[in-house]
Amino acid sequence: MYARLLKPKNDSSFFLFGPRGTGKTSWLKFHYKDAIYIDLLKSQIYNDLRVRPERLWDLIPRNYRGAVIIDEIQKLPPLLDEIHSFMNEQRQRLQFILTGSSARKLKRAGVNLLAGRVRVQNFYPLIAPEVVADFNLKKALQFGMLPEAWTCSDPKEYLESYLRVYLDQEVRLEGLVRNVDDFARFLEAASLSQASVLNVSNVATDAGVPRKTVQTYFEILEDLLIAYRLPVFQKKSKRELIKHDKFFFFDCGLFQTIRPRGILDSDSEVNGAGLETLVFSHLIASNDLLKLGYELSYWHTKNHIEVDFVLYGQRGLTAIEVKSASSLREADLEGLLEFHKDYPKAKIIFLYGGATQKRGDVHAVNVADFLVRPEDYI
């Protein structure tokens, strides 16, 4: 088991949210070996607690002092009322660790996350600083970094199975969509927008699904934490910018599995989006786990001058462009240099497959080096 960057700090209660397959359960069982573990995916436990949530206390010995892990808490939100009441009464010292697929999913259902008294932690796929010497850029690009995909003998089969399980258990059984076939076509159409400006109408046309339905499908992906939208950086903008977000599936391997391929699809097109996805997933996780405090966005003018990522916070302003090429071309630096004209105090970084070097104001950094040690550069 790889050492994850998320470390338990004390014995206070917390939510732990992340997509399935990111390793939440393994991490918890490693760090909380003696905890009481309540798995809501087990039908008998789920049915008992669904009928009478107060039966939760029958599963916890009266004099027990320690951690209580409730897995997939979003399946039974009424348990949160029981826990909230317990915390108010403080009948005994317990640490509650509540895992699930999304805080957003609970909030959209109108659930109060224990009145803000319990902190929220997020869990992610593996990132390069967690695997260090085992990191392999080519492998990460092809199969992503979900723990099982990273360690199993047949990652392609695992990812295909992962997608089927998500469609079946998270989408069909939870009743999130009426037509799973429509949703499957939507996923393929959405993958064509990976790392690109999102046009919901185009996705709806490609999937043969009404635009309003597609908008709902995108919200489902975000609720399940398997997709993100990246907003446009607009602070003190000197130019007219586009308004649409960029779209990303959360893991490069999942994107590669969903993305349909035809005879007209070039490897460079797919791999370019894949590399940008890999960098994005590392930025999201590193920013959170290392407490860097950045707001993440991208920059795109009406004249189609673009920078892939913009990081803004108290640590400063950084613009990042990502290319899969192994050589440094002046044309690839256009977006960064234009951004630097508008924001001369910004650090500008070009990630690519070549050697780390300095080119004027541009820090050209080997992408693998950046992924393994992001805090050295941002």
Colleague: Rounded to the nearest 0.5 Å, what separation is found between the CZ atom of F96 and the CD1 atom of I36?
Modeller: 9.0 Å
Colleague: Side-chain polar contacts of residues 199-209 - donor-acceptor pairs under 3.5 angstrom, sequence neighbours left out - could you list them?
Modeller:
unit_1: N199; atom_1: OD1; unit_2: S201; atom_2: N; d: 3.1
unit_1: N199; atom_1: OD1; unit_2: N202; atom_2: N; d: 3.0
unit_1: S201; atom_1: OG; unit_2: R211; atom_2: NE; d: 2.9
unit_1: T205; atom_1: OG1; unit_2: S201; atom_2: O; d: 3.1

Colleague: Checking ring pair (Phe, Tyr, Trp, His ring centres under 6.0 Å) between Y228 and each of Y298, F280, F250, which is the one that passes?
Modeller: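 Answer after filtering Y298, F280, F250: F280.
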Colleague: What heavy-atom pair brings L6 and N122 nearest, and what distance separates the two atoms?
Modeller: CD2-O, 4.2 Å
Colleague: Are F247 and F249, when compared by the centres of their aromatic rings, separated by less than 6.0 Å?
Modeller: yes
Colleague: What residues, two or more places apart in sequence or in another chain, satisfy side-chain contact (heavy atoms from CB on, under 4.5 Å) together with Y37?
Modeller: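 Partners of Y37 by the side-chain contact (heavy atoms from CB on, under 4.5 Å) criterion, ordered by chain and then number, come out as T25, K29, D39, I69, D71.
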Colleague: Can you confirm whether V118 sits close enough to I83 that some side-chain heavy atom of one is under 4.5 Å from a side-chain heavy atom of the other?
Modeller: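 They are not in side-chain contact.
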Colleague: With a 6.0 Å cut-off (strictly less than), is the heavy-atom count around NZ of K138, excluding the residue itself, greater than 12?
Modeller: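 Incorrect, the count does not exceed 12.
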Colleague: Taking all non-hydrogen atoms of both residues, which atom of I349 and which atom of Y377 are closest, and how far apart?
Modeller: CD1-O, 3.6 Å
Colleague: Does E130 reach the main-chain N or O of A3 with its side chain, forming a donor-acceptor pair under 3.5 Å?
Modeller: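 Flag not set: sc E130 to bb A3 has no pair under 3.5 Å.
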Colleague: Check whether any side-chain heavy atom of S281 lies under 4.5 Å from a side-chain heavy atom of C252, and answer yes or no.
Modeller: no
Colleague: Is there a side-chain contact (heavy atoms from CB on, under 4.5 Å) between L333 and L328 once you walk through the steps?
Modeller: CA-CA 8 Å; L333 304 179; L328 183 59; 3.8 Å; yes
Colleague: Under the side-chain contact (heavy atoms from CB on, under 4.5 Å) criterion, do Q194 and F248 qualify, and how do the steps go?
Modeller: CA-CA 5 Å; Q194 182 79 357; F248 289 91; 4.1 Å; yes
Colleague: What closest approach, in Å, do N179 and D181 show between heavy atoms, and which atom pair accounts for it?
Modeller: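 Result for this residue pair: OD1-N, 2.9 Å.
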Colleague: Could you measure the distance from the OG1 atom of T277 to the CZ atom of R259? Nearest 0.5 Å is fine.
Modeller: 11.0 Å
Colleague: I'd like to check M145 versus I127 (side-chain heavy atoms, cut-off strictly below 4.5 Å). Are they in contact?
Modeller: no
Colleague: How close do V365 and T356 get, heavy atom to heavy atom, and via which atoms?
Modeller: CA-OG1, 3.7 Å
Colleague: Under the 3.5 angstrom rule, does the side chain of K24 hit a backbone N or O of P19 as a donor-acceptor pair?
Modeller: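 Answer holds: yes.
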Colleague: Only counting residues at least two apart or in another chain, list the ones meeting salt bridge (charged side-chain N to carboxylate O under 4.0 Å, His left out) with K246.
Modeller: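 Here the qualifying residues are E276, E306, D308.
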Colleague: Name all residues meeting the side-chain contact (heavy atoms from CB on, under 4.5 Å) criterion together with R239; count only those two or more places apart in sequence or in a different chain, and write none if there are none.
Modeller: W299, T301, I305, E338, K341, D342
Colleague: For T216 and V214, indicate whether the former's side chain and the latter's backbone hold a donor-acceptor pair under 3.5 Å.
Modeller: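 Absent.
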Colleague: Does T151 reach the main-chain N or O of P147 with its side chain, forming a donor-acceptor pair under 3.5 Å?
Modeller: yes
Colleague: Partners of R359 by salt bridge (charged side-chain N to carboxylate O under 4.0 Å, His left out), sequence neighbours excluded?
Modeller: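 Checked R359 against salt bridge (charged side-chain N to carboxylate O under 4.0 Å, His left out); matches are E330.
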Colleague: Going by the angle between their ring planes, with limits at 30° and 60°, are H304 and H300 parallel, tilted or perpendicular?
Modeller: perpendicular
Colleague: Between the main-chain N or O of G21 and the side-chain N or O of E148, is there a donor-acceptor pair closer than 3.5 Å?
Modeller: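 No, E148 side chain to G21 backbone: no donor-acceptor pair under 3.5 Å.
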Colleague: Do Y217 and F183 pass the ring pair (Phe, Tyr, Trp, His ring centres under 6.0 Å) test, and can you show the C-alpha distance, the side-chain angles, and the key distance before you say yes or no?
Modeller: CA-CA 7 Å; Y217 286 172; F183 190 76; 5.0 Å; yes
Colleague: Do S237 side-chain atoms and F233 backbone N/O form a donor-acceptor pair below 3.5 Å?
Modeller: no
Colleague: Does D154 have any side-chain hydrogen bond (donor to acceptor under 3.5 Å, both in side chains) partners at least two apart in sequence or in another chain, and if so, which?
Modeller: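 D154: no side-chain hydrogen bond (donor to acceptor under 3.5 Å, both in side chains) contacts found.
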Colleague: Quick check: does any side chain N or O of K347 sit under 3.5 Å from a backbone N or O of H363, one acting as donor and the other as acceptor?
Modeller: no
Colleague: Within a reach of under 6.0 Å around NZ of K33, are more than 12 heavy atoms found that belong to other residues, nucleotides or ligands?
Modeller: yes
Colleague: Under the side-chain hydrogen bond (donor to acceptor under 3.5 Å, both in side chains) rule, collect the residues that match up with Y343, sequence neighbours excluded.
Modeller: none
Colleague: Using the test salt bridge (charged side-chain N to carboxylate O under 4.0 Å, His left out), find all partners of K323 that sit at least two apart in sequence or belong to another chain.
Modeller: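 Salt bridge (charged side-chain N to carboxylate O under 4.0 Å, His left out) check on K323 returns E321.
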Colleague: Would you list the pairs meeting ring-ring contact (aromatic ring centres under 6.0 Å, His included) in which at least one residue belongs to residues 121-143, sequence neighbours left out?
Modeller: W27-F123
Colleague: Donor-acceptor pair, S85 side chain versus E82 backbone, under 3.5 Å?
Modeller: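 No: the side chain of S85 does not pair with the backbone of E82.
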Colleague: Identify, with sequence neighbours excluded, every residue that meets side-chain hydrogen bond (donor to acceptor under 3.5 Å, both in side chains) alongside E295.
Modeller: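 Here the qualifying residues are K235.
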Colleague: Quick one: are the ring centres of F186 and F218 less than 6.0 Å apart?
Modeller: yes
Colleague: If we ignore hydrogens and angles and just use 3.5 Å, is the side chain of T99 paired with the main-chain N or O of E72 as donor and acceptor?
Modeller: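 Yes.
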Colleague: Can you name the closest pair of heavy atoms from A128 and H282 and give their distance?
Modeller: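 Heavy atoms only, the tightest pair is N-NE2, 2.8 Å.
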Colleague: Can you confirm whether Y2 is buried at OH, in the sense that more than 12 heavy atoms of other residues, nucleotides or ligands lie under 6.0 Å from that atom?
Modeller: yes
Colleague: Going by heavy atoms in the side chains, are L159 and L146 under 4.5 Å from each other?
Modeller: yes
Colleague: For E240, does the CD atom sit with more than 12 other heavy atoms under 6.0 Å from it, leaving out its own atoms?
Modeller: no
Colleague: If you draw a 6.0 Å radius around NZ in K345, do more than 12 non-hydrogen atoms from other residues or ligands fall strictly inside?
Modeller: no
Colleague: Please check this pair: side chain of Y294 against backbone of I378, looking for a donor-acceptor N/O pair closer than 3.5 Å.
Modeller: yes
Colleague: Go through the steps to decide whether L163 and I258 satisfy the test side-chain contact (heavy atoms from CB on, under 4.5 Å), and finish with yes or no.
Modeller: CA-CA 8 Å; L163 183 58; I258 295 173; 3.9 Å; yes
Colleague: Give, for atom CG of L79 and atom CD of Q74, the distance between the pair rounded to the nearest 0.5 Å.
Modeller: 11.5 Å
Colleague: For R229, check salt bridge (charged side-chain N to carboxylate O under 4.0 Å, His left out) against everything at least two apart and list the hits.
Modeller: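 R229: salt bridge (charged side-chain N to carboxylate O under 4.0 Å, His left out) contacts with E222.
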Colleague: Could you go through L337 and I348, starting from their C-alpha distance and side-chain angles, then the distance that decides it, and tell me whether this counts as side-chain contact (heavy atoms from CB on, under 4.5 Å)?
Modeller: CA-CA 8 Å; L337 296 176; I348 50 178; 4.3 Å; yes
Colleague: Please list, chain by chain and in numerical order, all residues satisfying side-chain hydrogen bond (donor to acceptor under 3.5 Å, both in side chains) with E54, sequence neighbours excluded.
Modeller: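 For E54, the residues satisfying side-chain hydrogen bond (donor to acceptor under 3.5 Å, both in side chains) (neighbours in sequence not counted) are R52.
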Colleague: State the CG-CZ distance between L141 and F255, to the nearest 0.5 angstrom.
Modeller: 10.5 Å
Colleague: Can you tell me if NZ on K236 sees more than 12 non-hydrogen neighbours from other groups inside 6.0 Å?
Modeller: no
Colleague: Can you name the nearest heavy-atom pair linking I60 to L94, along with the distance?
Modeller: CG2-CD1, 4.2 Å
Colleague: For D58, is there an ion pair with R55 - N to carboxylate O distance below 4.0 angstrom?
Modeller: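 Here R55 does not pair with D58 in a salt bridge, since their nearest N and O are not under 4.0 Å apart.
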